[in-house]
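Shown next, in structure tokens, is the structure this report addresses.
Hydrogens, waters and symmetry mates play no part in the numbers below; they use all other heavy atoms, side chains included. Just so it is clear: chains get the letters A, B, ... in the order the sequence lines come, proteins before strands, and each one is counted from 1. Keep in mind that what you see is a predicted model, and the values were worked out from it rather than measured.
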Amino acid sequence: MSILHAEWTKFRSVRGWVLGLAAAAGLILLFGLAPGMSGSCGKHGPASACTPTIGPGGEQVKDRFTFVHQPLAGDGSVSVRVTSLTGSIFDGPGAERPGLAPWAKAGLMIKSGLTPGSAYASVLLTGSHGVRMQWDYTHDKAGPSGFGPQWLRLSRTGEIVTTASSTDGVTWTEIGATRLAGLPATTEVGLFVTAPEYTSEMHQGLLNGSQGGPTQATGAFEQLTTGDGWTGAAWHTDWIGGRPDWTELPDPQQQGAGFRVAGSGDVGPAGAGVSVTQTLVGTFTGLIAVVVLGAVAMSTEYRRGLIRTTFAAAPRRLRVLAAKAAVIGGATFGIGVVASAIVVVFGQRILRANGVALLQSSATTQVRIVAGTGALLAVSAVLALGLGALLKRSVTAVTVAIVVIVLPYLLAVIVLPVEAARRLLTFTPAAAFALQQAVKQYPQVDDVYAPSAGYFPLAPWAGLAVLIGWTVVILGAAALLLRRRDV
Amino acid sequence: MISVSGVRKRYGGAVALDGMTFDVRAGQVTGFVGPNGAGKSTTMRVILGLDAADSGEALVEGKRYRELTDPMRHLGSLLDAGALQPSRTARNHLLWLAHSQGLGARRVDEVLEQTGLGGVARRRAGGFSLGMRQRLGIAAALLGDPPALMLDEPFNGMDPEGIIWMRGFLRSLAGQGRAVLVSSHLMGELQGTADHVIVIGRGRVIADATVAELLRSASGGRITVRTQAPEAPEILAAAGAAVVPTGDGGLSIAGLPAEAIAGVLQRHHVAFSELAAHRATLEDAYLELTRDAVDYRAEDPR
Amino acid sequence: MSMRRALHAEWTKALTSPGTSGLLVMVIAGTAGLSGIVAAACSGATCGADVALTGVQLGQAIVAILAVLVIGNEYSTGMIGVTLAAVPRRFLVLIGKALVVAAGVTVAATVAVAGSVAIGETLLPAYHATLRPAVGTVLYLVLIALLSLGLATAVRNPAAAIGTVLALLYSVPIIVTVVTDPVWHDRLVKYAPVSAGLAVQSTEADPLIGPWKGLGVLALWTLAALLAGAITLQRRDA
């Protein structure tokens, strides 16, 4: 305990170290709160306000599709045969080529209302992922994987929606059932078609990213059959989420029970975009400041022989190392949590005020990001401390720490192809940046899940575990040397 | 050779030098003494142009140090024996210094031999004891064969043998006609070495005198005489001396040299048993002079 | 005359410091090694055409260590006092150090770049060595070294100096990738030292800043850092 106290006194009594800690916090605040980014949301009158579409789970979602529907009072069912699904890809204005996005969707949907973001369940044929059941934006269940024309059926009983598919309209296979809590008595049911943006990796100079463009899909349906409970109203078309302005979607055509419906957009999770992580860009500079602190805390002991005084006062060397790690780690964690909490709260407000369409993140995600940033800084500082004890030289210790923590991230973001980038971020200390990931990866959404878009290969706490693992190895080596080495 | 006049220097609020003025002459060892924090090192740093004086100037051979070409051929210096890169060998440390003055490796080997480091020349200087580092620092100061040398606390960390060597070495350097300025916070170290002493305190010169003068002033010219004759104080007072009885038959006399006292007493047939000049050490003189100038005085341990 | 002697002294210092040659070898190994790893990762996948020289991303850190230590060691041991007593014209000390650092880094960087180019030719099907990116990369590393030297002279604390340099080398480029505001993004790409300097590697048809102009921007940063170092060295008590 007295060692801890001694190390704490040593730490807080050097003005440069306190300044360094303040600098780390200051850099995080500076970059987090600087208005380095602006958008057009709400900048051109109230009509331009970007109101995020929020799904039933509270998360931000995409909800844009062509809906040919009519109300259904109470229970009932509907079935249809999808005869074809075709599409086109837009590479630029006027540049259109035939092609179908793998996750283009055409099928049946039951939706609690016409407001974007409202609860729904659907059964659908995809471009290349077979028949699926999807509901409430984030849920997906695979049905038969067959291609070609498919029969789809959707039925409601109370709050339960059941879906099934068939290749001949005679033998039906149930795909799944789900309970949509709070589904109103009268729902909107009908055909829907939509097609997401296609994405591909992009490499331009020293910048990595993904590029994409809108796609459009056209579904041909026949034998749309309604079951019991229908009011018998006419089919009505709505472009949920607004009719796309990037393409001239033709109106749906009806011939008896046959339909041709074109759609563009997506029904699903929101995907990548500007998120709360944006406010934490100062972490990289703050990290360098705390790494310098960690390395110097150990290497100064060697420079003027202070280490001899230290070990004379506390001969159990490993306890000294542990006490130093605790002091540096604790102080850094505290500063990191405070600074990142401030930027997460106020940085997001500033971005929104600047008209940036910021992705909504849940409270638990934000808390994890704040605590995670503190942990990332603290463990990095301790890693640097270990390197300082190992190498005795602050300059080399600082550089090695930065090179192993920050450089892999930089390479993953700017040069490496996605696969290599993801591999790099699973085993290097940079894996811990996953702690700051705000977006979630879904198998039913095609995207370039690249680190440059904010997606990390490891789960947040697994990423931290990798960094801790490295730190433990380095501290262990330092401890071994410290015990053996004459000072 | 070295001339410092009216140098003032502050660090923040603290006055380090407050009108420091003195000259260092050739052919003698000049001691530069004062308590810790008196301004010895600062003065030397100002002379070398490492620290800039706020006012006043320090000249070497009439020039500012920065204006000298190959300055180490004019003034050799040793400020901090630890100021070297530990991983470099002693010889290589001297080699780069030699190259900076247009000198070659032969001169390096000469000064290594001169300072007794020939055997360890190719060892890492980081492994040297403080005494060996002091020798290495002296070797560096000698590289340019300069007419003036300036050494800050060169006795620090030396063993008795080393101190004796250093004294003889400094004397021989002065004997070759060089000006040698040696700082110390222990006056005793300079006894028998220095010809001239500059005593400083609180950033200014308190005394600037030859060692003999300093000793005389410290003892106040007092001479002790032991006699049983009751008329002795009167006789001596009549001859112009100030006489103070010390009790046990001793008289402390000031104002007359020893020979005169003996003459006067003999003329008046006064028997005396002992006539001794009060022997002051340099240490006494120093303590007397700097009594008021010590910044950091320890509490009287009682 | 005194310039030559100052240079000779710094040259001897560099030669007799046991760390120098090791660091220069590491510049070569780090640069060529990382170039090789990236080239291997890109050989089957889609990467930009400019990845053959990616190794500078690591090489520049080692170059920075080398340059920071050249002056930083003197401050941390107090040897700067001895140096300035030997060469009281402080400006000459900095020039001497700059020339020695530049010479050492030029040699190491040339070998490193040649190695990277050779690896690129072997592993990357789409890569064809051209002179400008290769020569530019050597110059880039030299400029980064001098920038580090200038900063370390100005900051005087080696750990703080290397922190500042690494922040410039690694944090700023990351910030550039995150800033999506087009005006600020373009400004940062054009005027931040690393992104501007590495424009010399680019084979893009229509870059934000031309290759030599970008290297020029880095050269201005370097000049500013050296100037700041020179002023500090001149003005402050050693």
Tell me the closest heavy-atom pair linking A85(C) and L48(B), and the distance in Å. CB-CD1, 4.2 Å

Could you tell me which non-hydrogen atom of K9(B) sits nearest to which non-hydrogen atom of D237(C), and how far apart they are? NZ-OD2, 2.6 Å

Nearest atoms (heavy-atom pairs only) where A83(B) meets M79(C): O-CG, 3.5 Å

Given heavy-atom pairs under 4.5 angstrom as the criterion, report whether the side chain, backbone, both or neither of S77(B) touches chain C. side chain

Verify the neighbour count for atom CE of M158(B): are there more than 12 heavy atoms of other residues, nucleotides or ligands below 6.0 Å? yes

Exceeds 12 heavy-atom contacts within 6.0 angstrom, atom CZ of R64(B): no

More than 12 heavy atoms of other residues, nucleotides or ligands under 6.0 Å from CH2 of W165(B): yes or no? yes

Working to the nearest 0.5 angstrom, can you tell me the gap between L84(C) CG and R45(B) CZ? 9.5 Å

Nearest-0.5 Å distance, CG of residue D51(B) to CZ of residue R236(C): 11.0 Å

Can you confirm whether Y11(B) is buried at OH, in the sense that more than 12 heavy atoms of other residues, nucleotides or ligands lie under 6.0 Å from that atom? yes

Report, as yes or no, whether the 6.0 Å neighbourhood of atom CZ on R204(B) holds more than 12 heavy atoms from other residues, nucleotides or ligands. no

Do you know which two heavy atoms are closest between A9(C) and W96(B), and how far apart they sit? CB-O, 3.3 Å

Pairwise distance OG1(T16(C)) to CG(L94(B)) - rounded to 0.5 angstrom: 10.5 Å

Between R235(C) and chain B, with a heavy-atom cut-off of 4.5 Å, which part of the residue counts as in contact: side chain, backbone, both or neither? neither

Can you name the closest pair of heavy atoms from P88(C) and R66(B) and give their distance? CB-CA, 3.7 Å

How long is the straight-line distance from NZ of K13(C) back to NE2 of H99(B), given to the nearest 0.5 Å? 13.0 Å

Treating R5(C) as the side-chain partner and A98(B) as the backbone partner, does any N or O pair qualify as donor plus acceptor under 3.5 Å? no

Where R89(C) and L68(B) come nearest, the two heavy atoms and their spacing: NH2-O, 3.9 Å

Given L97(B), which partner from the list V82(C), V87(C), T83(C) fulfils the side chain to side chain contact (heavy atoms under 4.5 Å, CB included) test? V82(C)

G102(B), G137(B), A52(B): which one forms the most heavy-atom pairs within less than 4.5 Å of chain C? G102(B)

Rounded to the nearest 0.5 Å, what's the gap from CD on Q101(B) to NE2 on H8(C)? Could you check? 12.5 Å

